[in-house]
Amino acid sequence: MGTRSVTRFWEWGRKIICVGRNFAEHAKELKNELPTEPVLFLKPPTAYVKEGSEILVPHYSSDLHHEVELGVVLGKAGREIPLSSAMEHVAGYALCLDMTARDVQDKCKAKGLPWTLAKAFDTSCPVSDFIPKERIPDPARVELWLKVNGVTRQRGSTAHMIFSVPYLISYISGVMALEEGDLILTGTPKGVGAVHEHDEIQAGIDDVISMTFKVSRRASITQ
Ligand SMILES: O=C([O-])CC(=O)C(=O)O
Ligand SMILES: [Mg+2]
């Protein structure tokens, strides 16, 4: 492959590592306990969707939720990364949605099963353009917001994260090697809720970026 730039990280086919329950108010609204260490799950790179394409409700869900999150784009590989140098591994950021089939996730939770069907389906990871690191001098001071059909549903500051961006990088790198082009979704603030076919989702980071997606329904597979 010729030269490729991490500014188009979604084309690299690398890991998407998601952190759950990283905001106390969101853990509470879903009646989950506060985590004592980060809750992690994965999405495949086929989950990516960019502005101009639609978010598809999976055919097996009738309760698709939006979760607006700050994404961290890795610029440098590493394992067992110390907290003190964690930020050197960040190339930049992206505004992300962790689309979640909540009805399916609730069933998985009740049965103690993994969340793959609820979190990893095609179009479950809408992302903005790459945001260079300099545009966000402090990832603990990012104001995230999300509107559905013009009505504000989520607004929250990353100041309220339970585990900080450098801590997450260090922690995750002790579980799995981080690679250039990986994306870490850092968890959603409160206010998650359902979206339906024909809805318009608008999300943003104050003073930095915004993006818009339409919701459509995926046709069921006839077997
Ligand atoms: O609520 C969930 O499904 C966990 C999660 O992804 C989050 O907190 O961002
Ligand atoms: Mg999430």
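Bear in mind the structure is a predicted one, so any value in this text is a computation, not a measurement. Counting convention: from 1, in listed order, for ligands and their atoms alike.
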S.K.: Between Thr188 and ligand 1, find which residue part has any heavy-atom pair under 4.0 Å and reply side chain, backbone, both or neither.
M.R.: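 Both backbone and side chain of Thr188 come within 4.0 Å of ligand 1.
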
S.K.: Show which atoms of ligand 1 fall inside a sub-4.0 Å distance from at least one heavy-atom site of Gln105.
M.R.: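 Selected atoms, number and element: 2 (C), 3 (O).
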
S.K.: Are any of the side-chain nitrogens in Glu11 or Arg4 under 4.0 Å away from the carboxylate oxygens of its partner?
M.R.: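 Looking at Arg4 together with Glu11, the answer is no, because their closest N to O distance does not fall below 4.0 Å.
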
S.K.: Answer with yes or no whether Arg102 contacts ligand 1, where contact means a heavy atom under 4.0 Å from a ligand atom.
M.R.: yes

S.K.: Only heavy atoms of Phe41, strictly under 4.0 Å: list the atoms of ligand 1 that pass.
M.R.: 6 (O)

S.K.: Identify the protein heavy atom lying closest to atom 2 (C) of ligand 1, giving its residue, its atom name and the separation to 0.1 Å.
M.R.: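 Answer, as residue, atom name and distance: Glu67 OE2, 3.4 Å.
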
S.K.: Check ligand 1 against His26 and write out every atom of the ligand that is under 4.0 Å from a heavy-atom position of the residue.
M.R.: 1 (O), 2 (C), 7 (C), 8 (O)

S.K.: Could you tell me whether Phe23 approaches ligand 1 through its side chain, its backbone, both or neither, with non-hydrogen atoms closer than 4.0 Å?
M.R.: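 Looking at Phe23 and ligand 1, no heavy atom falls under 4.0 Å.
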
S.K.: Looking at Lys119, which atoms of ligand 1 are within less than 4.0 Å of one of its heavy atoms?
M.R.: 2 (C), 3 (O), 4 (C), 5 (C), 6 (O)

S.K.: Check the orientation of Tyr60 and Phe121. Use parallel for under 30°, tilted for 30 to 60°, and perpendicular for over 60°.
M.R.: perpendicular

S.K.: Which residue owns the protein heavy atom closest to atom 4 (C) of ligand 1, what's the atom, and how far is it?
M.R.: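 Looking at atom 4 (C) of ligand 1, the protein heavy atom closest to it is Gly20 CA, 3.7 Å.
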
S.K.: Is it true that Lys119 and Asp98 make a salt bridge, defined as a side-chain N closer than 4.0 Å to a carboxylate O?
M.R.: yes

S.K.: What N/O/S atom of Glu69 is the closest to the Mg ion (ligand 2)?
M.R.: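 Output for this pair reads OE2.
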
S.K.: A quick test of your reading: do over 12 heavy atoms of other residues, nucleotides or ligands sit less than 6.0 Å from NZ of Lys190?
M.R.: no

S.K.: Checking one value in my table: which N/O/S atom of Asp98 lies closest to the Mg ion (ligand 2)?
M.R.: OD2

S.K.: Ignoring hydrogens and angles, state whether a donor on the side chain of Lys147 or Thr152 is under 3.5 Å from an acceptor on the partner side chain.
M.R.: no

S.K.: Can you confirm whether or not the ring centre of Phe9 sits under 6.0 Å from the ring centre of Tyr48?
M.R.: yes

S.K.: Can a side-chain donor-acceptor contact be found between His66 and Gln154 if the only test is distance below 3.5 angstrom?
M.R.: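 The criterion, which ignores hydrogens and geometry beyond distance, is satisfied for His66 and Gln154.
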
S.K.: The Mg ion (ligand 2) is nearest to which N, O or S atom of Glu67?
M.R.: OE1

S.K.: Quick check on contacts: which atoms of ligand 1 are under 4.0 angstrom from a heavy atom of Gly187?
M.R.: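 So the answer, numbered in order with elements, is 9 (O).
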
S.K.: At under 4.0 Å between heavy atoms, which part of Glu29 makes contact with ligand 1: side chain, backbone, both or neither?
M.R.: neither

S.K.: Is Val19 in contact with ligand 1, taking contact as a heavy-atom separation below 4.0 Å?
M.R.: yes

S.K.: For ligand 1, which atoms have a heavy atom of Glu69 less than 4.0 angstrom away?
M.R.: 9 (O)

S.K.: If you measure from the Lys or Arg side-chain nitrogens to the Asp or Glu carboxylate oxygens, is any gap between Glu180 and Lys76 under 4.0 Å?
M.R.: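 Judged by the 4.0 Å cut-off on N to carboxylate O distance, Glu180 and Lys76 do not form a salt bridge.
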
S.K.: Between the side chains of His59 and Arg218, does any donor sit under 3.5 Å from an acceptor?
M.R.: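 Their side chains do not contain a donor-acceptor pair, so the 3.5 Å distance test is not met.
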
S.K.: One thing to verify: whether Lys43 and Asp122 come together as a salt bridge, which I'm taking to mean a side-chain N less than 4.0 angstrom from a carboxylate O.
M.R.: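 Salt bridge absent between Asp122 and Lys43.
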
S.K.: Measuring only between side-chain heavy atoms, which start at C-beta, is Pro139 closer than 4.5 Å to Met161?
M.R.: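 Counting from C-beta outward, Pro139 and Met161 never come under 4.5 Å.
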
S.K.: How does Arg21 reach ligand 1, if at all, at less than 4.0 Å between non-hydrogen atoms: by side chain, backbone, both, or neither?
M.R.: backbone

S.K.: Closer than 4.0 Å to some heavy atom of Leu30 - which atoms of ligand 1 meet that?
M.R.: 1 (O)

